[in-house]
Amino acid sequence: MKQTYISEIPKHLGGEITIKGWLYNKRSSGKLGFLEIRDGSGIIQGIASKKDVSEQCWSDCERVTQESSVIIIGVPREHPKRPGVYELDIKDMQIVQVAHEYPITPKEHGVEFLMDNRHLWLRSRRQHAILRVRHEIIRAVRDFFDNNGFILCDTPIFTPAACEGTSTLFEVQYFDDKAYLAQSGQLYNEATAAAFGKVYCFGPTFRAEKSKTRRHLTEFWMVEPEVAYAKLDDIMELSENFISYIVGRVLENRKEELKQVERDTTMLEKITPPFPRLEYDNVVKILQLGHAEGKLENRFEWGGDLGSPDETYISSQFEKPVMVHRYPAAVKAFYMEPDPERPELALCVDVLAPEGYGEVIGGGERASSLEFVLNRIHEHGLPEEAFNWYLDLRKYGSVPHAGFGMGIERAVAWICGLEHVRETTPFPRMLYRLKP
RNA sequence: UCCUCAGUAGCUCAAUGGCAGAGCAUCCGGCUGUUAACCGGAGGGUUGUAGGUUCGAGUCCUACCUGAGGAGCCA
């Protein structure tokens with residue numbers, strides 16, 4: 001018999017259907033068996049009555065264990081006491097496999113245990129909800145760029161020696177050479193932007209930072225648009241439209257999932273353009289005031305990069321994401337365009353998510369002058385020959401251009417209101433955790 | 001790399017320096033509307049590892065291992 005998915009059940013009320021899935025949980029009351037079945041599309045409670053099913057079926061209902069794979073024939077109908085909730089009257093059941101004792105019981109578990117059993121943890125309601133939101137975010141990201149004239153131009157994951165020179169890279173053997181896993185598609189994006197105008201890349205990136213916090217993965221997905229002829233203001237506008245679109249899509253299509261993870265959506269509903277724009281200089285003042293009022297432990301000095309407590313404090317002053325722009329050039333990557341009015345500042349922007357979720361977007365205008373980029377490469381002690389192709393972009397039709405990168409996992413954590421990014425991807429890679 | 005906290009049954013946790021326990025899971029029995037179902041019973045332990053203090057250590061001390069989240073660094 002043709003398989004029906006649980007999500008499609010409202011269309012099949014009163015008719016006999018076949019559900020193929022797994023036993024999520026089981027309860028019984030004498031001659032009644034309550035079997036919660038999941039099939040990936042949803043969960044439904046099946047009811048087997050001893051007097052209505054075969055002896056074989058009843059004994060199967062009794063012996064079937066949590067997460068056993070089962071094929072069930074039954075008739076769906078509304079719950080007698082709960083409108084809008086559906087149940088399945090079980091007519092017959094075939095056990096595909098009786099599951100061994102399942103480690104994840106319907107009880108609380110610790111982080112270590114759940115992470116060791118991540119391959120099984122994915123079957124739970126909460127993980128389903130989060131990963132469905134992730135899927136919606138990724139679809140929204142693609143739709144946003146695809147519908148706005150951007151071309152997907154993916155960038156390589158194996159990269160040669162030097163890239164940005166800022167963060168720590170993973171080194172891998174590449175035949176007789178050494179290669180590094182990409183920490184950003186940024187530089188290659190500049191080449192494709194010069195070819196296609198508006199581009200984006202979307203893929204995994206790798207950081208070998210020994211960061212062990214709720215915001216860090218060693219492998220994460222980043223989407224990076226790059227726009228030829230764009231200035232800092234253009235990219236800030238793109239950022240706020242982009243984020244607002246994604247949040248809107250999740251609110252529109254993933255209400256149930258947000259409810260499942262107990263996300264208070266009132267904060268998300270406020271995410272509409274424009275976002276507050278703050279110059280770095282003003283951020284310094286706010287942070288120093290915060291310190292004077294005893295709300296921040298350390299006094300922030302002009303010239304430093306924002307630490308995590310600083311970001312949290314700044315974002316807590318606003319309900320929307322905050323765009324902090326014009327950082328000191330010294331704390332940013334070598335390719336940032338200097339502010340013509342104050343060359344010690346870079347034309348860059350970080351978007352800080354509300355509620356303490358930190359930086360979700362980093363970007364800015366890229367330096368377009370050959371001489372300037374060359375100087376910066378030397379100042380940063382980077383090997384010029386590795387950047388010959390990058391310098392070519394400044395020789396052959398150099399234009400102002402700008403772009404940004406958004407870490408998907410941080411966006412998912414923020415939109416879902418999660419404590420930790422480890423739940424935002426099926427198999428998170430973190431410092432000291434490579435399995436499963 | 002540094003700081004803080006934690007490690008006891010398959011899981012989540014109790015146990016004043018004095019007999020190592022409960023709930024869930026598993027197995028057996030009961031219950032015709034259960035919702036982390038419930039009720040009764042059973043099995044299940046080298047208390048992370050190695051030393052030390054003590055008549056006596058799960059508990060106190062030292063080192064190490066593992067995990068957690070914070071700093072730095074980063075998205």
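Residue numbers begin at 1 in each chain, while the letters A, B, ... track the order of the sequences. Remember, predicted model here, so these are calculated numbers, not experimental data.
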Using both distances under 3.5 Å as the test, list the Watson-Crick or G-U wobble partner of [N], or none.
N	value
B:A25	none
B:U66	B:A6
B:U54	none
B:A36	none

Under 3.5 Å donor-acceptor pair, A:S211 side-chain atoms to B:C73 base atoms: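 Present.
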
At under 4.0 Å, does any side-chain N or O of [X] touch on OP1 or OP2 of [N]?
X	N	answer
A:K210	B:G72	no
A:H216	B:C73	no
A:R215	B:A71	yes
A:K107	B:A25	no

- prompt: Of A:M406 and A:R433, whose nearest nucleotide on RNA chain B comes first from the 5' end?
  reply: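 Closer to the 5' end of RNA chain B: A:R433.
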
- prompt: Looking only at atom types and distance, does a side-chain atom of A:S29 sit under 3.5 Å from a main-chain N or O of A:L32, one as donor and one as acceptor?
  reply: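 Flag not set: sc A:S29 to bb A:L32 has no pair under 3.5 Å.
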
task: Have a look at A:I314 and tell me which of A:V283, A:D350, A:N282 forms a side-chain contact (heavy atoms from CB on, under 4.5 Å) with it.
output: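 With A:I314 as partner, side-chain contact (heavy atoms from CB on, under 4.5 Å) holds for just one option, A:V283.
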
